[in-house]
Amino acid sequence: AHDRSILIHMEQMVEHGERNVDQALKSVDEAEVVLSRAARRRAKEAKILPLYNPLASSIEDTDFSAPLIQVVVALVVACTDTFAEKLRVLAILFDLDNDQWLSQVELTAMLYHVSKVMQGIGYFKSEISEEEAESAVMRCLHDMSVTSKQMPSDGLTLFESKQYVKSLVSRSPYLSSLFGTNFKFGELSSYQRQATPCVKQFEMGLIALPDLKYHYARTAVHYRPLLSPDSKLIIHERALAIGADDPLKPDYSRFLPTKASRNVSNVVPLEHGHIANTSVFRHQVLTKAATKMQNYYRCLQARRQAEFQARKQSFLRARAVALDEARKSVEAEFEAKESLEGTAKMKWDSKLRLRQSKLAAAGTPAERSAVLAMFLDEAIVMKETQVR
């Protein structure tokens, strides 16, 4: 009993140690999650930190030369608010005349300053000039059919401006992750991505320019068996065999009336007016021979089929004639029995009366004519069975 109590105590200590180990492992997992989240936030803050350092120091101590409007745009882009709120602040910020419209100049300024901030953060590798931003805005206004004749303000409303910026951001996975919105093509399945051409994927923002280069190179050097020389030759031969050059097509020329030509010798005439090549003449002879062999074989098959059908029809006709003759012979036999006299007549009538009595005993009485018809049918069926 003492040993058993010691064993139970040791098992309790082991279970307590296991629980402590599980709690320690869970704490380690939670600490790793917190550490990874802190690392991601620090990486994001490291991109925005260059904007705060000049603001926290005096102008005499730094060479900070960024315009105030770009600083405000950077703060709006880097804040943790919703994407709709960021668009609302940007639209109000660049509505300089406060008329609830963004003209072409204001749209160009908004697009240019936002692109400059993106370049400063590190999302754009190449510098975007103001002329490129103005060209993009002009193209947008042209696609939306916005002209000064239709609208006095010659621009977009705040809602249309936000929709335009949202469409630009949602096309890029990098801008979508920065602004905290959904990527436009992020819900495409793997099959749709693989079935989409590489150039279209680049236009949709699914792959970058280096990936486009490698995708296109892989498509160009991909082995396609249908383009091999042997496959091309087979397809070429099949194409030639479909038209007038088909060597296996039926030749009905011998059944058509032809005008007899006057030949003074057995020399093969020149059909094209020039010296004939031996290989060409040999190919023509082989083609005609193959056609004739094919016609002979088809005629043999047709004759066999016609002979089989003729034998079948003759057999069916002969069987019908035999059945008709058997039926007539039975009827003649019964007529002869009906015309008998004397003892033979009495025997025949007794046979009929015996069948009548059997039918009456079975509960189906019948007259003499009905019994005679029954005998006649049985005799005809027996005779037809013998004939068949």
Side-chain angles (χ1 to χ4, degrees), residues 37 40-57 59 62 64-144 146 151-186 205:
R37 184 175 59 185
R40 290 195 302 269
R41 295 193 62 178
R42 182 172 179 80
K44 293 181 179 179
E45 292 174 356
K47 295 181 179 180
I48 311 301
L49 187 60
L51 295 174
Y52 288 95
N53 288 333
L55 295 177
S57 59
I59 300 179
T62 61
F64 184 66
S65 60
L68 180 61
I69 187 67
Q70 294 184 7
V71 176
V72 177
V73 170
L75 294 176
V76 173
V77 171
C79 70
T80 59
D81 210 335
T82 60
F83 181 56
E85 186 65 20
K86 293 179 183 180
L87 290 180
R88 188 186 68 82
V89 174
L90 286 176
I92 295 176
L93 180 63
F94 284 94
D95 187 11
L96 304 179
D97 50 3
N98 198 19
D99 58 349
Q100 302 298 317
W101 288 81
L102 289 184
S103 62
Q104 179 179 342
V105 178
E106 294 170 344
L107 286 172
T108 303
M110 180 176 65
L111 189 60
Y112 173 70
H113 289 298
V114 171
S115 61
K116 292 292 289 184
V117 170
M118 295 293 101
Q119 179 186 354
I121 293 176
Y123 274 84
F124 291 167
K125 302 301 181 182
S126 59
E127 183 178 358
I128 298 178
S129 62
E130 188 174 0
E131 184 179 1
E132 293 177 349
E134 183 180 4
S135 175
V137 171
M138 292 176 64
R139 173 59 60 185
C140 168
L141 296 177
H142 179 268
D143 293 341
M144 299 179 69
V146 176
M151 299 180 184
S153 301
D154 190 15
L156 304 178
T157 62
L158 296 183
F159 177 77
E160 293 174 343
S161 303
K162 290 188 288 185
Q163 293 296 321
Y164 170 63
V165 176
K166 183 178 180 180
S167 65
L168 293 179
V169 172
S170 61
R171 293 178 186 175
S172 173
Y174 305 105
L175 296 180
S176 301
S177 62
L178 176 65
F179 281 89
T181 184
N182 296 326
F183 179 43
K184 185 177 181 180
F185 307 103

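Both backbone and side-chain heavy atoms feed into the values below; hydrogens, waters and symmetry mates do not. Predicted model, so just to flag it, every value in this text is computed and none were measured.
Partners of K116 according to the salt bridge (Lys or Arg N to Asp or Glu O under 4.0 Å) rule, which considers only residues two or more places apart in sequence or in another chain, are E127. Residues satisfying the side-chain hydrogen bond (donor to acceptor under 3.5 Å, both in side chains) criterion with E85, sequence neighbours excluded, are R88. By the side-chain contact (heavy atoms from CB on, under 4.5 Å) test, S135 pairs with no residue at all, sequence neighbours left out.
Residue L102 comes nearest to M110 through the heavy atom pair CD1-CE, 4.2 Å, listed as atom of the first residue, atom of the second, then distance. The nearest pair of heavy atoms linking H113 to F94 is CD2-CE2, 3.7 Å. In this structure, A136 and L111 approach most closely via the heavy-atom pair CB-CD2, 3.9 Å.
Looking at W101 and T157, their side chains come closer than 4.5 Å, going by heavy atoms from C-beta outward.
Between M138 atom CE and E131 atom CD the span is 10.0 Å, to the nearest 0.5 Å.
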